[in-house]
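Counting starts at 1 for both ligands and their atoms, following the listed order. Hydrogens, waters and symmetry mates play no part in the numbers below; they use all other heavy atoms, side chains included.
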Amino acid sequence: MAPMSDITVFEHQTYEVRFLSTLRQINTALAGYLSGDQAEPIESPKGLWEAMRYSTLDGGKRIRSVLAIETCLACGGELASVLPTACAIELVHAQSLIHDDLPCMDDDALRRGKPTLHVAFGESTAVLAGDALLAMAFGLITKHTPITKSVSSETLLAIISDFSDVTSVHGLVNGQYVDIQYEEKPYTAEVLEYIHTYKTGALFRFSTRAGAQLAGASPAVVEAFTQFGQKLGLAFQIVDDLLDIQATSETLGKTAGKDLAQQKATYPAFFGVDVSRQKAKMLVQEALTLIQSHPQIQTVSLTCLADYIYERIS
Ligand code: GRG
């Protein structure tokens, strides 16, 4: 598929190499943070750490954490400032997937191309590993973010406060709750947007907002990135819904066709495939317009990521 924006194929290839390197840095940092039992082999609960690593390392597109990092860099910030928050985002994302897959939620047996955590380690370990990842995420931000000229303690407090909203009843939990309430029930376009704004949009919104805050960006730029993440998150979810009906379980690494089977509120079920794709495209374009109006932002890498969100096939 040709890039949606005016970014050249060469620029796309150049940035893909850079994103792979960013992804490796995220994975290395995550592996370090999750090596706790290796420091204290006797006292530490080995099985729990193994479960946390099983679901967090070795897989995942890392789109939210890469977005956080690229936003920070695009605003003139430094990798060291944003890396702990980027990893915290991945821990929360992993936790949300573990709990989403549980029998009492979406009841899935396949995630990231391997058995889900409760299938591999048992249900109680899966619940506890998720709990541990969620709480640990907050610690990563407070313990590992260096305080610098552009990142003050006040900035960190604001980020932690946002993170609390995103991971609670003001964010993912709310989206998941409403999503489950509407299974097999009639819903409106407003309900659909509400579910995905919270369930998926909230973590994308946090990722780009925090990325800008950690670069010491102005309030206007932080606000632009807040909306940017929100729109990209919604576009990501629409494409996710489309892939659920158009791709195979093998390509996705998770069970395809699940939304239809569980009669979930999805964009293609409500609007059809073509309108859904148009909506995703429009959201990506609107997101890019928001940041293009700030000349101090380096938009090329983010434009490539936005293109990827619309064009991805897995
Ligand atoms: C306490 C934070 C918290 C959450 C608990 C279970 C739950 C409430 C929320 C579930 C939210 C959820 C599963 C949203 C789905 C979002 C989504 C599109 C996931 C797929 O993301 P990808 O494709 O996955 O980025 P990879 O595997 O690539 O990382």
Problem - Distance-only side-chain donor-acceptor flag, Q278 / D274, under 3.5 Å - result: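 No, because no side-chain N or O of Q278 sits under 3.5 Å from a partner of the opposite role on D274.
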Practice task
Flag this pair as yes if the NZ/CZ of R277 is under 6.0 angstrom from the six-membered ring centre of Y267 and inside a 45 degree cone about the axis; otherwise no.
Solution key: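 No - R277 does not lie over the ring of Y267 by the 6.0 Å and 45° rule.
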Problem - Reference residue K254; test salt bridge (Lys or Arg N to Asp or Glu O under 4.0 Å); the match among D100, D240, D108 - result: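 That would be D240; it is the only one of D100, D240, D108 passing the salt bridge (Lys or Arg N to Asp or Glu O under 4.0 Å) with K254.
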Problem - R64 N/O to ligand 1 N/O under 3.5 Å - result: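 Yes, there is a polar N/O contact under 3.5 Å.
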Practice task
Spell out, yes or no, whether V275 and L260 are grouped together once hydrophobic residues are joined by side-chain heavy atoms under 4.5 Å, including indirect joins.
Solution key: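 Shared cluster, no.
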Which residue and non-hydrogen atom of the protein lie closest to [atom], and at what distance in Å?
| atom | value |
| --- | --- |
| atom 24 (O) of ligand 1 | H93 NE2, 3.4 Å |
| atom 23 (O) of ligand 1 | K61 NZ, 2.6 Å |
| atom 8 (C) of ligand 1 | Q176 CB, 3.9 Å |
| atom 6 (C) of ligand 1 | S96 O, 3.4 Å |
| atom 16 (C) of ligand 1 | T200 OG1, 3.5 Å |
| atom 27 (O) of ligand 1 | R112 NE, 2.9 Å |
| atom 18 (C) of ligand 1 | Q237 OE1, 3.5 Å |

Using a 4.0 Å heavy-atom threshold (strictly under), name the region of [X] that reaches ligand 1: side chain, backbone, both or neither.
| X | answer |
| --- | --- |
| D240 | side chain |
| K199 | both |
| R62 | neither |
| V166 | neither |

Exercise for the section: Answer with yes or no whether F236 contacts ligand 1, where contact means a heavy atom under 4.0 Å from a ligand atom. Expected result: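 The answer is yes: ligand 1 sits under 4.0 Å from a heavy atom of F236.
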Exercise for the section: Provide the number and element of each atom of ligand 1 under 4.0 Å from a heavy atom of V92. Expected result: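 It comes down to these atoms of ligand 1: 2 (C).
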Practice task
Output the list of atoms in ligand 1 that are nearer than 4.0 Å to some heavy atom of G60, sorted by atom number.
Solution key: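 Under 4.0 Å from G60, ligand 1 has these atoms: 26 (P), 27 (O), 28 (O), 29 (O).
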Practice task
For atom CD of Q176, decide whether the heavy atoms of other residues, nucleotides or ligands shown that lie under 6.0 angstrom number more than 12.
Solution key: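 Correct, the count exceeds 12.
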Between the main-chain N or O of [Y] and the side-chain N or O of [X], is there a donor-acceptor pair closer than 3.5 Å?
| X | Y | answer |
| --- | --- | --- |
| H196 | G201 | no |
| D101 | T116 | no |
| T208 | F225 | yes |

Problem - Minimum side-chain heavy-atom gap I63-R312 below 4.5 Å - result: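 Side chain of I63 against side chain of R312, heavy atoms only: no contact under 4.5 Å found.
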Practice task
Only heavy atoms count here, so choose which of Q95, H99, M105 is nearest to atom 3 (C) of ligand 1.
Solution key: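 Heavy atom nearest to atom 3 (C) of ligand 1 belongs to Q95.
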Problem - salt bridge (Lys or Arg N to Asp or Glu O under 4.0 Å) between D244 and K258, worked out - result: CA-CA 7 Å; D244 183 72; K258 233 23 239 301; over 6 Å; no
